Amino acid sequence: MNESRISITLPDGSSKRLPRGSTAADLAAAIGPGLARAAVAARVNGALTDLSAALPDGAEVAIVTRSDEDPDALYVLRHSAAHALATAVRERVPGAGIGFGPPIDDGFYYDFEVPAPFTPEDLEEIERTMAEVAGADDPFERREVTRDEATELFADDPLKLERLGEIPEGEAISVYRNGPFVDLCRGPHAPRTGEIRHFRLLSAAGAYWRGDERRQMLQRIYGTAFYSREALDAYIARMEEARKRDHRKLGRELDLFSIQDEIGPGLVCWHPRGARVQLELRRWIEDLQEAHGYQFVYTPHVSSEALFRRSGHLPNYAENMYPRMEDEDGEAFRVKPMNCPGHITIYAANPRSYRDLPVRLAEVANVYRNERSGTLHGLLRVRMLTMDDGHVFCTPEQIEDEIFICLELVDTVMTTLGLDYRFDLSTRPDGDKRIGGDEVWDVAEGALRDALERGGLEYKLDEGGGAFYGPKIDIKYKDAIGREWQGATIQLDFNLPERFELEYMGTDNKPHRPVMIHRAIFGTLERFTGVLIEHFAGAFPPWLAPIQVRVLPITDAHAEAAGDIRDRLAAEGLRVELDARSDTLGYRIRDGELQKVPYLLVVGDREIEAGTVAVRARGAKRKQEVVPLDEFISRIRHRVETRSLET
RNA sequence: GCUCGCGUAGCUCAGGGGUAGAGCGCAUCCUUGGUAAGGAUGAGGUCGCGGGUUCAAAUCCCGCCGCGAGCUCCA
């Protein structure tokens, strides 16, 4: 063994010997000049590091090369782009305070404390300056400094000093310099600013320092960066394409719903077509739940205020509840923000035996939440929500099975619709925002984790994200432009049964406390429908499409026969329209396509004579197919009955 | 709720201190057309609401309401 050399293991299992003190860049060069040129960072023993980092003996090292497909490569590029942005802002606004500037999923941002917010024109100028920063091709130089040095370095930067104060004693403090700009930063970075060639600043908006609304608001600039012009252009094009799927735009174009000032913000009016989609979803989820042992109940929209005091909603959830109202005797009532207190009351209305458990109550119910105005967003965040709500009352031993039933329901729904989603496990919120003791939370969180792990399901931990009464498993999915929204939720609750002193008689002839599971499969019909509109880009599968078939007579002479076909299809239970307008066939076909009707049936002399229809199935490979009417009917009925995604 | 931006016809948008514009949609008429926009004519707006400046405000200023992006919060 030569002590002056180190041994490095490469991803393919081979090893390389290098002089002690060699860096990742040296390793790349030793492997080949092409790799050396393409290298932007390295993964050393699993951790992403700078190319300039010295390699420890025995390390497993993978060189990260320029690539718009490799998340590591994009991470360092965008992180470096954030620094270049800060460099540019500092140049234009000397003395601008700098907050955090991390890479994010689709790009990067940097937060600044500046005297005046950035205007769109500012952004253009900053972008030009940033191009100069990149053009200077300065190296990113990492340096580890002492706490005193760092304090000196950032003496004029209170935000950085605050962050510095939080770095634990003993942990390395690193700074990165590029040209005139020095930042307190963990890294890693690209070797030089010249790497940042294809970037775009996207928007500016306020953002609270440290994400705390009690602190000052900084000005955040968002941008994105790629290694190639093509990838950047593709990203911009994809975003523009995504905006066309926006459910608010499609909702208007397809006449699904409206949200109008006359009614109020966050309050949705479902037009006949949107209401039809909702109705189909609702019938489906009701049937599914019934098949899984749920019983349906109805509870009032308004309840005595005392109920919500006992449930803990008033102390913990009041800011999202509409104000109290009084009857003529001074009795106080509240509009319900959740259904749990009502369902609990139903459970408690009868004595329960262990033989009755689990009791599964379900209600597709409207609840009202006074959401902050700035959070409202089309169908995805509203003030009147329709939850497909359910509450399971069971013994502790039954928890895991019951959660499994919920996960099964979720899976059925998601796979039927082809939605992508992921699980979050949300744990206890901060002390003043929760009820119940730590032991109870330990048990509840453990039960959810066990259920997920028993099912082999992957999940992300959302610490502190639980409800005030218990931890939860949430399903998250993305809208057209990549924002995440919460859909299904499965929440475990040991607290409300305690507050309402719920009981069941055990085998031991003694009263016991049941456990409660709160769960919603769609989440809310509003949000779920909104996500579906974007998921399908308005082109609902036949079983969900508000209008399934449109019949187009070629001329007036065919209108009567087309009307008969319409009647026949309607009698078969299909949602069908006759389009006998005096516009040309081409015009009516275009209109049917734009309205995303799954099937357009063209009817002329030939079809009438043969008893066929010329079917234009949406998205079909063959533009048109002439089939006997009966055959068409059985085909579409099959699609509808199986909830097929095909047309 | 906070920061910034925006609010002109049903929709998408132009205009910008001095008589309100386009395309699409809608209505009427002509056209009866075989697969993504046939033609003509016409109706439709106190320029989000309220104040102010001005001889004059859709236009400039202030406030409010709503919308958008982001933050915070959440199904």
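The chains referred to below are lettered A, B, ... by the order of the sequence lines, with proteins before strands, and numbering in each begins at 1. Source: prediction; values computed, not measured.
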Reckon [X] touches a base, only the sugar-phosphate, or nothing at all at heavy-atom distances under 4.0 Å?
| X | result |
| --- | --- |
| A:Gly604 | base |
| A:Tyr109 | nothing |
| A:Gln219 | sugar-phosphate |
| A:Asp591 | nothing |
| A:Val382 | base |
| A:Arg248 | sugar-phosphate |
| A:Arg527 | base |
| A:Met217 | base |
| A:Arg483 | sugar-phosphate |
| A:Gly487 | sugar-phosphate |
| A:Lys476 | nothing |
| A:Glu371 | base |
| A:Gly374 | base |

Hey, what are the protein-to-nucleotides 40-49 of chain B N/O distances that come in under 3.5 Å?
none

Item to check | Among A:Glu125, A:Glu121, A:Glu124, the one residue meeting salt bridge (Lys or Arg N to Asp or Glu O under 4.0 Å) with A:Arg92 | outcome: A:Glu125
Item to check | Ring-face cation contact, A:Tyr294 with A:Arg519, 6.0 Å cut, 45° max | outcome: yes
Will you find, in the side chains of [X] and [Y], an N or O donor that is under 3.5 Å from an N or O acceptor?
| X | Y | result |
| --- | --- | --- |
| A:Asn370 | A:Asn320 | no |
| A:Thr489 | A:His518 | no |
| A:Lys336 | A:Thr299 | yes |

Checklist entry - For RNA chain B, which residues in residues 606-628 of chain A have a heavy atom at a distance below 4.0 Å? => result A:Arg606, A:Glu607, A:Ala614, A:Arg616, A:Lys623, A:Gln624
Next on the checklist: Suppose we screen for ring-ring contact (aromatic ring centres under 6.0 Å, His included). Which residues come up paired with A:Phe100, at least two apart in sequence or across chains?
Outcome noted: A:Trp209
Checklist entry - Can you find a donor-acceptor pair, distance only, under 3.5 Å between A:Arg372 side chain and B:U72 base? => result yes
Checklist entry - Yes or no on ring-ring contact (aromatic ring centres under 6.0 Å, His included) for A:His343 and A:Phe393, after CA distance, side-chain angles and deciding distance? => result CA-CA 10 Å; A:His343 291 184; A:Phe393 302 85; 8.1 Å; no
Item to check | Over 12 non-hydrogen atoms of neighbours within 6.0 angstrom of CD in A:Gln260 | outcome: yes
Checklist entry - Taking it one step at a time, do A:Tyr477 and A:Tyr421 satisfy ring-ring contact (aromatic ring centres under 6.0 Å, His included)? => result CA-CA 5 Å; A:Tyr477 30 53; A:Tyr421 65 98; 7.9 Å; no
Is there any protein nitrogen or oxygen under 3.5 Å from a nitrogen or oxygen in nucleotides 60-66 of chain B, and what are the pairs?
unit_1, atom_1, unit_2, atom_2, d
B:G66, O2', A:Asp261, OD1, 3.2

Please produce a list of atom pairs where a protein N or O lies less than 3.5 Å from an N or O of nucleotides 28-33 of chain B.
unit_1, atom_1, unit_2, atom_2, d
B:U32, O2, A:Asp556, N, 2.9
B:U32, N3, A:Asp556, OD1, 3.2
B:U32, N3, A:Asp556, OD2, 2.6
B:U32, O4, A:Asp556, OD2, 2.6
B:G33, N7, A:Ile554, O, 2.5
B:G33, O6, A:Ile554, O, 3.3
B:G33, O6, A:Asp556, N, 3.3
B:G33, N2, A:Ser582, O, 2.9

Checklist entry - Do A:Leu525 and A:Arg527 have side-chain heavy atoms sitting under 4.5 Å apart? => result no
Checklist entry - When you look at A:Arg210 and A:Gln216, which way does the side-chain hydrogen bond (donor to acceptor under 3.5 Å, both in side chains) test go after all the steps? => result CA-CA 9 Å; A:Arg210 310 311 299 266; A:Gln216 72 267 43; over 6 Å; no
Checklist entry - Taking atom C1' in both B:C2 and B:A20, what distance in whole Å separates the two? => result 37 Å
Next on the checklist: Just to be sure I follow the notation: if a pair is Watson-Crick (purine N1 to pyrimidine N3 plus N6-O4 or O6-N4) or a G-U wobble (N1-O2 and O6-N3), each under 3.5 Å, what dot-bracket string does RNA chain B give, with | for pairs to another strand?
Outcome noted: (((((((..((((....[..)))).(((((.......))))).....(((((..]....))))))))))))....
